[in-house]
Amino acid sequence: MLQNSKTNKPISLLCQSINIMTTLSQAYRDHPLIHLHHIVPLDFDSLRTVPDSHDWPHSSYDTLKLHTNGDVSIPLIDMSDPNVAMLIGNVCKTWGVFQLTNHGVPTSLVERAEAEAGRLFDLPMTRKLKALRAPGDATGYGLPRITPFFSKYMWHEGFTIMGSSAEHASQLWSSNYQPFCDVMEEYQKNMKSLAEKITHLILNFLKIPDDAEISNWLHSAGAAAACSTALQLNCYPRCPDPTRVMGLAPHTDTFLLTILHQSSTCGLQIFRDGFGWLPVTPVAGALVLNVGDLFHILSNGRFPNVLHRVVVDPTRRRLSMAYFFGPPPDFCVTPFNNPPESPRFRSVVVKEYVGLKAKNLECALSMIEI
Ligand SMILES: C=C1C[C@]23C[C@H]1CC[C@H]2[C@@]12CCC[C@@](C)(C(=O)O1)[C@H]2[C@@H]3C(=O)O
Ligand SMILES: O=C(O)CCC(=O)C(=O)O
Ligand SMILES: [Fe+2]
């Protein structure tokens with residue numbers, strides 16, 4: 001029987017019943033987005049003007065003033081710093097987002113993954129549509145999941161992977177799809193082990209005891225592979241008039257942590273109270289990490305689940321790869337509070353929260369608030 005390496009407690013729930021546990025794709029299939037059937041991304045490269053369907057009423061450039069003062073920038077943390085746990089913990093509290101260098105993920109792997117993502121989005125539309133996300137499914141090619149919550153479409157095409165990408169990749173390329181699958185698999189492995197390390201540092205920072213359910217899960221995660229993970233490849237084609245479109249509309253991420261690689265093209269912005277939208281300027285070799293809703297809940301609101309969006313570049317297409325990490329769909333997330341502080345949220349099972357988000361997007365959090 002597997003045991004938590006720290007507490008020596010058996011990991012019964014997580015490992016033994018693995019066959020009856022909900023997978024993340026299943027959790028998403030259980031909460032389909034009704035309006036997203038048969039709507040496909042535009043063939044952006046063929047367009048010379050912005051169609052009305054993609055013309056945002058309030059342009060992404062001036063709805064909220066973009067803060068351009070160079071001295072306010074997202075913190076940069078060096079993972080080889082001896083105080084890394086403290087640095088990451090404090091930044092999660094004050095910002096909810098940071099860039100990380102010396103993270104141990106080989107640059108060559110990141111470059112190969114970005115090149116494969118580029119090869120995918122370079123395919124003709126007729127080819128990409130072969131891997132179109134089926135109605136009610138979570139994986140494959142298509143529009144962002146949050147699309148139905150907005151009245152206009154985003155200047156975006158994406159490809160979602162949960163585990164193996166073989167089924168969809170073989171629809172994209174009848175042969176020669178193995179290099180794509182191999183690099184995406186290796187990338188996900190590296191992301192998972194980085195996400196586990198960072199989560200471990202954060203749980204220590206929050207002084208969450210070793211016998212808490214979340215610690216028990218994390219210490220078993222490597223062995224049991226019982227996690228919710230997804231890799232989202234994002235492409236923001238260049239746009240004839242970027243001031244009128246939205247690359248990715250403002251949102252928070254659902255899971256514990258997101259690890260993002262952004263190409264050298266600018267576009268990601270975070271919303272910070274008192275400042276407005278701040279750009280996350282690409283730093284070569286650095287990964288962007290941000291707190292998602294589940295860490296916000298788990299930290300009892302101490303960590304902000306940072307609101308972010310993406311604006312589009314007039315001259316260059318932008319690629320990014322976002323890896324989402326959290327406990328498995330059947331896991332119950334309980335806020336960790338130090339008495340006399342009381343819990344701000346009720347406990348919530350991951351798949352139940354996925355369902356709340358599918359129906360209510362950003363209001364999901366307030367629905368579990370106490
Ligand atoms: C595991 C995840 C996380 C998802 C849903 C599912 C697969 C795709 C992810 C994204 C990627 C784009 C932004 C977002 C908001 C979206 O629309 O799809 C993300 C969402 C979430 O964080 O909720
Ligand atoms: O493209 C980016 O920089 C951000 C993508 C993002 O926010 C997401 O995939 O959730
Ligand atoms: Fe995001």
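Atoms within each ligand, like the ligands themselves, are counted from 1 in listed order. Everything quoted here is computed from the prediction, not taken from an experiment.
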Asks: Taking side chain as C-beta onward, heavy atoms only, is Asp137 less than 4.5 Å from Ser25?
Replies: no
Asks: What class does the angle between the rings of Phe180 and Trp173 fall in, given that below 30° is parallel, 30 to 60° is tilted and above 60° is perpendicular?
Replies: tilted
Asks: About how many Å separate OG1 of Thr281 and CD of Gln262, when rounded to the nearest 0.5 Å?
Replies: 8.0 Å
Asks: Below a 4.0 angstrom heavy-atom separation, can you tell me which part of Thr160, side chain or backbone, both or neither, approaches ligand 1?
Replies: side chain
Asks: Compute the shortest N/O to N/O distance between Gln232 and ligand 1 and return yes if it is under 3.5 Å, no if not.
Replies: no
Asks: If you measure every N or O of Phe324 against every N or O of ligand 1, does any of those distances drop under 3.5 Å?
Replies: no
Asks: For His261 and Glu114, test the side chains for any donor-to-acceptor distance below 3.5 angstrom and give the result as yes or no.
Replies: yes
Asks: Sequence neighbours excluded, which residues qualify as ring pair (Phe, Tyr, Trp, His ring centres under 6.0 Å) partners of Phe44?
Replies: His54, Trp155
Asks: Under 3.5 Å, is there a donor-acceptor pair between the Asp253 and His308 side chains?
Replies: yes
Asks: Enumerate the atoms of ligand 1 whose separation from the nearest heavy atom of Arg145 is less than 4.0 angstrom.
Replies: 5 (C), 16 (C), 17 (O), 18 (O)
Asks: Check each atom of ligand 1 against the heavy atoms of Ala230 and keep those under 4.0 Å away; list them by number with element.
Replies: 1 (C)
Asks: Please name all residues satisfying ring pair (Phe, Tyr, Trp, His ring centres under 6.0 Å) with Phe324, sequence neighbours left out, ordered by chain then number.
Replies: none
Asks: Can you confirm whether the side chains of Asn234 and Gln232 place a donor and an acceptor under 3.5 Å from each other?
Replies: yes
Asks: For ligand 1, which atoms, with element, lie under 4.0 Å from some heavy atom of Ile146?
Replies: 15 (C), 17 (O)
Asks: How about Asn337 and Glu341: does a side-chain donor come under 3.5 Å of a side-chain acceptor?
Replies: no
Asks: Within the 4.0 Å heavy-atom shell around Asp253, which atoms of ligand 1 are there?
Replies: 22 (O)
Asks: Is there a donor-acceptor contact under 3.5 Å linking the side chains of Thr22 and Asp330?
Replies: yes
Asks: So what's ligand 2 close to, N/O to N/O, under 3.5 Å?
Replies:
| residue | atom | partner | partner atom | Å |
| --- | --- | --- | --- | --- |
| ligand 2 | 1 (O) | Tyr236 | OH | 2.6 |
| ligand 2 | 1 (O) | Arg318 | NH1 | 3.0 |
| ligand 2 | 1 (O) | Ser320 | OG | 2.6 |
| ligand 2 | 3 (O) | Arg318 | NH1 | 3.1 |
| ligand 2 | 3 (O) | Arg318 | NH2 | 2.8 |
| ligand 2 | 7 (O) | His251 | NE2 | 3.2 |
| ligand 2 | 7 (O) | His308 | NE2 | 3.0 |
| ligand 2 | 9 (O) | Asn234 | ND2 | 3.0 |
| ligand 2 | 10 (O) | His251 | NE2 | 3.3 |
| ligand 2 | 10 (O) | Asp253 | OD1 | 3.3 |

Asks: Knowing that exactly one of Arg317, Arg318, Arg133, Lys128 qualifies, which makes a salt bridge (charged side-chain N to carboxylate O under 4.0 Å, His left out) with Glu157?
Replies: Lys128
Asks: Starting from atom 2 (C) of ligand 1, what is the nearest protein heavy atom, named by residue and atom, and what distance separates them?
Replies: Tyr28 OH, 3.5 Å
Asks: Taking atom types as modelled and ignoring hydrogens, do the side chains of Asn190 and Glu186 form a donor-acceptor contact shorter than 3.5 angstrom?
Replies: no
Asks: Using a cut-off of 2.8 Å, count how many protein N, O or S atoms are strictly closer to the Fe ion (ligand 3).
Replies: 3
Asks: If the plane angle is over 60° it's perpendicular, under 30° parallel, otherwise tilted; pick one for His156 and Tyr236.
Replies: perpendicular
Asks: Nearest protein heavy atom to atom 22 (O) of ligand 1, by residue and atom, and its distance?
Replies: Thr254 N, 3.0 Å
Asks: Tell me whether the rings of Phe295 and Phe303 are parallel (<30°), tilted (30 to 60°) or perpendicular (>60°).
Replies: tilted
Asks: May I ask you to identify, for His251, whether its side chain, its backbone, both or neither come under 4.0 Å of ligand 1 on a heavy-atom basis?
Replies: side chain
Asks: Testing the basics here: between Pro242 and Cys239, what is the closest heavy-atom pair and its distance to 0.1 Å?
Replies: CD-O, 3.4 Å
Asks: Could you tell me whether atom 20 (C) of ligand 1 has a protein heavy atom closer than 4.0 Å?
Replies: no
